[in-house]
K.L.:
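First, the structure itself, so that you have it in front of you.
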Amino acid sequence: MKRILTYFMFLVFSLSSFALSAQDSLSTAQADSAVTDSSNVINLKPKIVPFEELFSTGKIISSFIVLIFAFLLNRFITFLLGKLAENQASYRLLIKRLIPFLNVILWSVALFIVIGGIINPPVETILTVGASIGIAVGFAAQDILKNIFGGFIIILDSPFQVGDKIEIDGYYGEVTGIGLRSTRIVTPDDSLVTIPNADIVNNSVSNSNTGALDCQVVASIYLPADTNIDTVKEVAYKAAITSRYVYLNKPVVVITENQVIDKNYIIHLKVKAYVLDIRYEFLLKGEITELILTELNRRQLLPSSVPFKPIES
């Protein structure tokens, strides 16, 4: 009995000692966590960097050097790829399509180096300044932002590429450049037209070749109603396939339509052929027209004065 009582007293004493030590450890852990939490709160305060340190003279000079180098490298790459595209006719469109993407990548890398590598502002400063600039620019330059976003949409969606023949807002020509603000096309009369990207995104665009080097060309001839159609179609087909600008891997089609102009019957002859290179589009059309008219005159199938057959009222 005495042994049991002794063992029981020893067990109670041991449990009491363990409970006291556990309570002390818990109090110490809570105190340490409180200190840690307070230090974390202190560390979460935004880091204030003096303006002189953020935009020092050395950082400004280094940033200008990086931007000037990016500008010169961009001009050099554009010039080099342009020359390479002109010398490689088969890959001209593919090479010119790389220019807008390389421009965007190069300027993005340059800005990342300037902001993240040279200036290196705190995250809080970037967010604050970015929000302020975004609000100010959003109100002051809405049209410019529309054009910039339109440029990104054109580059990503690719309704056309550099080198394509497009028609937009009444202008038809070859796309020579896609920028962040505008797109430039050269018309057949060698006029450079600059169209804002926002107008292109909000309007319908007609693409003649859609990335291909060849495109369809339609030559039209108007003939008297009593012309021998079979002979004229034969002459037109031979004129198309013998042209030096025609692309014979695609079909040549000759069709006729009966039309009425000023109450007179005429035959509208259409020759549809594909050109070797979109730059020779109008040369192919002109050559087909000249060959047809020359052969018809030689065969005396085309009168000097075209008689019209009036419609009976």
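Just so it is clear, the values below take in all heavy atoms, side chains as well, and ignore hydrogens, waters and symmetry mates.
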K.L.:
For atom CZ of R184, is the number of surrounding heavy atoms from other residues, nucleotides or ligands below 6.0 Å larger than 12?
P.N.:
yes

K.L.:
Kindly check if the number of other-residue, nucleotide or ligand heavy atoms within 6.0 Å of CG (N203) is above 12?
P.N.:
yes

K.L.:
Considering non-hydrogen atoms only, spot the tightest contact between C215 and I278 and give its length.
P.N.:
SG-CG2, 3.7 Å

K.L.:
Where is the tightest heavy-atom contact between R181 and T194, given as atom of each residue plus distance?
P.N.:
NH2-CG2, 4.0 Å

K.L.:
Could you tell me which residues satisfy ring pair (Phe, Tyr, Trp, His ring centres under 6.0 Å) with Y247, sequence neighbours excluded, listed by chain and number?
P.N.:
none

K.L.:
Same cluster for L276 and V217 if Ile/Leu/Val/Met/Phe/Trp/Tyr side chains link at under 4.5 Å?
P.N.:
no

K.L.:
Less than 3.5 Å apart, which donor and acceptor atoms pair up between the side chains of residues 101-113 and the rest of the protein, not counting sequence neighbours?
P.N.:
{"unit_1": "N103", "atom_1": "ND2", "unit_2": "I99", "atom_2": "O", "d": "3.3"}
{"unit_1": "S108", "atom_1": "OG", "unit_2": "V104", "atom_2": "O", "d": "2.7"}

K.L.:
Between N207, N209, I195, which is the residue that forms a side-chain contact (heavy atoms from CB on, under 4.5 Å) with I166?
P.N.:
N207

K.L.:
I'd like to know if the side chain of D157 reaches the main chain of I153, judged simply by a donor and an acceptor atom lying under 3.5 Å from each other, with no hydrogens or angles considered.
P.N.:
no

K.L.:
With rounding to the nearest 0.5 angstrom, report the CG to OG distance, L284 to S243.
P.N.:
4.5 Å

K.L.:
Taking side chain as C-beta onward, heavy atoms only, is I168 less than 4.5 Å from F160?
P.N.:
no

K.L.:
Could you give the distance from CG (N258) to CD1 (I267), rounded to the nearest 0.5 Å?
P.N.:
7.0 Å

K.L.:
Going only through I, L, V, M, F, W and Y residues with side-chain contacts under 4.5 Å, is there a path from L248 to V275?
P.N.:
yes

K.L.:
Is any side-chain heavy atom of I288 closer than 4.5 Å to a side-chain heavy atom of V246?
P.N.:
no

K.L.:
Given 3.5 Å as the limit, does a donor-acceptor pair link the side chain of T227 with the main chain of P224, or not?
P.N.:
yes

K.L.:
Does E174 reach the main-chain N or O of R279 with its side chain, forming a donor-acceptor pair under 3.5 Å?
P.N.:
no

K.L.:
Scan side-chain atoms only and decide if N197 and T183 contain a donor-acceptor pair under the 3.5 Å cut-off.
P.N.:
yes

K.L.:
So, R299 and E295, do they make that salt bridge, N to O below 4.0 Å?
P.N.:
yes

K.L.:
Under the side-chain contact (heavy atoms from CB on, under 4.5 Å) criterion, do L223 and L296 qualify, and how do the steps go?
P.N.:
CA-CA 10 Å; L223 300 170; L296 292 179; 4.1 Å; yes

K.L.:
Show, in sequence, the C-alpha distance, side-chain angles and deciding distance for Y172 and S208, and conclude whether the side-chain hydrogen bond (donor to acceptor under 3.5 Å, both in side chains) test is met.
P.N.:
CA-CA 10 Å; Y172 176 76; S208 298; 3.3 Å; yes

K.L.:
Check residues 61-83 and write down every donor-acceptor pair under 3.5 Å in which the side-chain atom is one partner and the other belongs to a residue at least two apart or another chain.
P.N.:
{"unit_1": "S62", "atom_1": "OG", "unit_2": "G58", "atom_2": "O", "d": "2.8"}
{"unit_1": "S63", "atom_1": "OG", "unit_2": "K59", "atom_2": "O", "d": "2.8"}
{"unit_1": "T78", "atom_1": "OG1", "unit_2": "N74", "atom_2": "O", "d": "2.8"}

K.L.:
Answer yes or no: are there more than 12 heavy-atom neighbours, outside F282 itself, under 6.0 Å from its atom CZ?
P.N.:
yes

K.L.:
List the steps and the verdict of side-chain contact (heavy atoms from CB on, under 4.5 Å) for Y280 and R244.
P.N.:
CA-CA 10 Å; Y280 304 141; R244 51 186 167 175; over 6 Å; no

K.L.:
With the 4.5 Å side-chain cut-off for hydrophobic clustering, are I185 and I155 part of the same group?
P.N.:
yes

K.L.:
Can you tell me how far OH of Y274 sits from CG of L213, rounded to the nearest 0.5 angstrom?
P.N.:
14.0 Å

K.L.:
V271 and side-chain contact (heavy atoms from CB on, under 4.5 Å): which partner among V218, I292, L291, I255?
P.N.:
I292

K.L.:
Enter the distance from I154:CD1 to F149:CZ here, rounded to the nearest 0.5 Å.
P.N.:
14.0 Å

K.L.:
Decide whether V193 and V162 are clustered together by the hydrophobic rule: side chain heavy atoms of Ile, Leu, Val, Met, Phe, Trp, Tyr closer than 4.5 Å, transitively.
P.N.:
yes

K.L.:
With rounding to the nearest 0.5 Å, note down the distance linking CD1 in I221 to CD1 in I266.
P.N.:
11.5 Å

K.L.:
Give, for atom CD of E234 and atom NZ of K238, the distance between the pair rounded to the nearest 0.5 Å.
P.N.:
4.0 Å

K.L.:
Could you point out which residue of K285, H268, K270 forms a side chain to side chain donor-acceptor pair (under 3.5 Å) with S220?
P.N.:
H268

K.L.:
Indicate yes or no for a side-chain donor-acceptor contact from D164 to the backbone of Q161 under 3.5 Å, with no hydrogens or angles considered.
P.N.:
yes

